[in-house]
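Whatever order the structure lists ligands and atoms in, that order sets their numbers, starting from 1.
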Amino acid sequence: MPTSDTTLPASAAAVRALFRQRFGREPDTIASAPGRVNLIGEHTDYNGGEVLPIGIERRTWVAAGVRREGGGMLRAVSANEDGAGEASLVAPTRSEHWWDYLTGVAAPIARDALGSGALAGAGIDAAVTSDVPTGAGLSSSAAIEVATALAVAKALGGTLEPREAAMIGWRAETGFVGVASGIMDQFASALSRQGEALHLDCATTETELVPFRDAVLIIDSAVRRSLRDSAFNTRQAECAQALRLMRERWPKLPSLAAATPEQVLAARLPAPLDRRALHVSRETRRVQEAVTLLRAGKPLSGELLLGSHESLRDLYECSRPELDWLVARSMLEPGVRGARLTGAGWGGCMIVVGDESALAAAGPKIGKDYEKEFGLTARLWLSRAAEGARVEEV
Ligand code: GLA
């Protein structure tokens, strides 16, 4: 999807105004959901491993209303995107436009309600405003999916548990929009809490909140992630192949992440599968160590963050020189605990974890030096762990 304008004000009031202006009435409901960054646990979610994301202080707001005589159609408008969307919720097809995220989520929720009963033949109107940056790896798509799921379910008179909203969003992303991803992003957007990190076991979808008080400086390297999708698919296939080979020796191995580093080494997998598997195995164990620290009220260790980055660079091979440089440069600043690339990699964002005022002072300096070094203008956001998805009072 093209990068869209997310510099406009996004709030419950803004999305209500947009809905009213476009559809000439009040919405039935408004819901919002944040973007996310992952603190540690990269490329573990689709390998049955563990992740530790936080919601960020950037949200997507969706206002929704049922339209009588709507013919089972979705109508959608966004403050950030061009064009007004129209799509069937009864027989949805992909349009390759931004409203596919709404269609893919709203259709499975609305299909039964719009097919028979009191709402038979109705449609749904939706308006969107967002300040989650797009194209940076901050899960703007998960935010719109999860917010849409909650808003549409409520508008139809039902409710949805946040984890159901996450699963519906993930199915829309992978099955309807057609982007390969694990479940981390939608779970993070749906279940995050202010001041806490979300520990998610992707094998069981069990979650736990652990205190996380540091601030996070998010730096978008402005390196376009054009190779991301194909490289991501290649890595998924490599991991699946590594698991198949390991199961020849350990038939009951539940997932690649469940393999210990000793098992991976003993398996003598062919390159590069050996490197991929070792990353996944060690990375999920780094998450467990990070969670142990946070549970005890201690800060996240810089060593774990840097260890994760080095593993992504050397074993998973999804970093870029620009991201490596940003990590090294950030570590020179006082008050910085650790830094690493976050999200899929191959460009996109990295995070710096530490003291809020130190990060606020460091950000512009790092950005300036980065521009000098690479001629690229980084985008920077300072955030704390923010509240996950919620239905707003209307
Ligand atoms: C992308 C995917 C996530 C996860 C990360 C890597 O963000 O959407 O599901 O796999 O990459 O950790």
For ligand 1, which atoms have a heavy atom of [X] less than 4.0 angstrom away?
X: Ala344; result: 1 (C), 7 (O), 11 (O)
X: Tyr46; result: 10 (O)
X: Gly182; result: 9 (O)

* Structure fact -> In this structure, atom 5 (C) of ligand 1 is nearest to the protein heavy atom Met184 CE, 3.8 Å

* Asked: Which residue holds the protein heavy atom closest to atom 7 (O) of ligand 1, what is that atom called, and what is the gap in Å?
  -> Arg36 NH2, 3.0 Å

Closer than 4.0 angstrom, basic N to acidic O: yes or no for [X] and [Y]?
X: Arg235; Y: Glu238; value: yes
X: Arg320; Y: Glu322; value: yes
X: Asp185; Y: Arg36; value: yes

* Asked: Does a donor on one side chain and an acceptor on the other come within less than 3.5 Å for Asp100 and Ser95?
  -> yes

* **Check: Glu42 N/O within less than 3.5 Å of ligand 1 N/O** =>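 Such a contact does occur with ligand 1.
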
* To do: Decide whether an N or O pair under 3.5 Å exists between Asp45 and ligand 1.
  =>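 Among all N and O atoms of Asp45, at least one is under 3.5 Å from an N or O of ligand 1.
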
* Angle class for the Trp325/Phe374 ring planes (parallel below 30°, perpendicular above 60°, tilted otherwise)? ->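 If you compare the ring of Trp325 with that of Phe374, the planes turn out perpendicular.
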
* Asked: Which of parallel (below 30°), tilted (30 to 60°) and perpendicular (above 60°) describes His279 and His43?
  ->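 Geometry flag for His43 against His279: perpendicular rings.
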
* Asked: Given Val51, Asp185, Leu138, which one has a non-hydrogen atom that is nearest to atom 8 (O) of ligand 1?
  -> Asp185

